[in-house]
Amino acid sequence: METKLLTTSEKDINTAGGIIADGGLVAFPTETVYGLGASAFDIGAAKKIYAAKGRPSDNPLIVHIADKLQLSDIAAEIPNEAKIVIDKFMPGPITVILKKKPSVPDTVTAGLQTVAIRFPSNETAQRLIKAAGVPIAAPSANLSGKPSPTTAAHVIADMTGRIDAIIDGGACDVGVESTIVDFTGDKPEILRPGGVTYDDLKAVGLDIIINKNILKSIGANEVPKSPGMKYKHYAPNAEVTVVEGEKDAVQKKIKELLKGVDGKTAGVLAMYGAEYDDAVILTAGESNREYAKNLFSALREFDNLGVEIVFAEFCEKDGYGLAVKNRLYKAAAQRVIHV
Ligand code: TXA
Ligand code: MG
């Protein structure tokens with residue numbers, strides 16, 4: 001299949017909207033990461049998403065809207081606490097899990113009776129959803145298991161020949177996927193941390209809990225609340241180890257570790273300016289906000305540079321810390337050294 005490369009011009013957005021309305025697949029920018037979109041009410045199109053990504057069919061998609069009026073086409077009911085979140089944080093980097101209307105296909109929700117809904121703030125994403133005339137079901141636009149794409153170049157690398165079109169809208173602002181909050185249980189629960197933080201949600205009066213699996217691997221016999229939790233995620237080819245703690249201790253430890261890499265090409269994902277011998281150094285940035293924006297891009301870059309072993313400096317500093325930690329620990333397959 002030929003994959004068209006589109007811009008954000010009105011003509012191209014209309015072309016892209018037409019492709020989605022006709023049952024095709026278009027990758028598009030959002031403020032979090034690039035999404036791989038299809039009409040949310042077209043079963044055949046949703047199936048194509050799973051095929052293009054190599055995604056397991058039991059891992060549901062997020063339905064993207066560009067107008068709060070579309071909520072009533074998708075959600076069977078909206079509890080009061082969800083209304084508060086929709087009111088305060090949408091459009092923005094957050095996804096709500098609600099009971100679904102029967103009209104939402106099982107292929108989109110992977111057979112669940114609940115549906116994930118997100119209203120992105122990215123203008124290109126909004127224009128595309130409007131041009132398509134339907135809500136857009138979209139996972140992140142990476143091959144399953146790879147880091148989520150935060151530039152069109154990442155999508156081009158993973159999806160060329162597999163989808164109809166890619167809209168180049170530049171680099172994503174947040175850099176990690178949306179915060180997912182489940183409103184179908186006893187209390188609202190964060191299933192995935194992201195750009196709307198725990199503190200943001202507490203500040204609007206929510207009695208909210210954080211799912212216990214966010215910072216660990218799922219056991220073989222556990223059923224996670226969010227199917228995506230159990231899959232290996234964000235994994236570069238390189239073996240990643242997180243070294244977590246205060247600056248001096250972290251840098252001392254990484255210098256030691258670099259001495260033991262045994263001829264392998266080594267890399268460091270750095271928060272601070274640092275001198276490391278014999279290592280490819282990529283910058284994550286000192287704040288966790290910057291770290292989130294740079295993380296996936298850096299993981300892909302290490303692979304492109306042939307780096308085999310990566311040490312990531314990390315220290316939790318702000319509300320984005322939990323979102324970064326969740327992705328970083330997964331990329332490191334839970335290899336974390338606390339110093
Ligand atoms: O920022 C984002 O959310 C990006 C952009 C493109 O919007 N999308 C994204 O989609 O990250 P994806 O498919 O990579 O991650 C969606 C996650 C998966 O872990 C999935 O299991 C979970 O959402 N999910 C979807 N529907 C769900 C449901 N009904 N109940 C629980 N978890 C659900
Ligand atoms: Mg994903």
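Just so you know, residue 1 is the first one in the sequence shown, and it goes up from there. Order of listing sets the numbers, starting from 1, for every ligand and every atom in it.
Heavy-atom contacts from other residues, nucleotides or ligands closer than 6.0 Å to CD of E316 number more than 12.
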I129/H64 under side chain to side chain contact (heavy atoms under 4.5 Å, CB included): CA gap, chis, key distance, verdict: CA-CA 8 Å; I129 298 163; H64 295 67; 3.9 Å; yes
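In terms of polar-atom proximity, T114 is counted as a contact of ligand 1, with an N or O under 3.5 Å from an N or O of the ligand. When only interatomic distances are considered, the shortest N/O to N/O separation between R118 and ligand 1 falls below 3.5 Å. On a distance-only criterion, T32 and ligand 1 share at least one N/O pair closer than 3.5 Å. At a 3.5 angstrom cut-off on N or O pairs, S178 counts as close to ligand 1. For ligand 1, the polar-atom distance check against H64 finds a nitrogen or oxygen pair separated by under 3.5 Å.
Judged by distance alone, the side chains of D200 and T197 do bring a donor and an acceptor atom under 3.5 Å apart. Neither side chain, D318 nor S287, offers a donor N or O lying under 3.5 Å from an acceptor on the other. R118 and T30 share a donor-acceptor pair across their side chains, judged by distance under 3.5 Å alone. In this model, no donor atom of one side chain and acceptor atom of the other lie less than 3.5 Å apart for E177 and T32.
With P120, G195, P60 as candidates, the residue nearest to atom 25 (C) of ligand 1 on a non-hydrogen basis is P60. Nearest-residue assignment for atom 13 (O) of ligand 1 (options K225, R55, K99, Q113; heavy-atom criterion): R55.
Neither the backbone nor the side chain of D182 has any atom closer than 4.0 Å to an atom of ligand 1 (non-hydrogen atoms only).
Residues meeting the ring pair (Phe, Tyr, Trp, His ring centres under 6.0 Å) test with Y34, sequence neighbours left out: none.
Here S140 reaches the Mg ion (ligand 2): one of its N/O/S atoms is less than 2.8 Å from the metal.
The contact set between ligand 1 and G35, taken as ligand atoms under 4.0 Å from a residue heavy atom, comprises 6 (C). Listed by number with element, the atoms of ligand 1 under 4.0 angstrom from any heavy atom of S140 are 8 (N), 9 (C), 10 (O), 12 (P), 13 (O), 14 (O).
Distances from ligand 1 to the non-hydrogen atoms of T109 include no value under 4.0 Å.
Pairs engaging residues 124-138 under the side chain to side chain donor-acceptor pair (under 3.5 Å) rule: none recorded [sequence neighbours left out].
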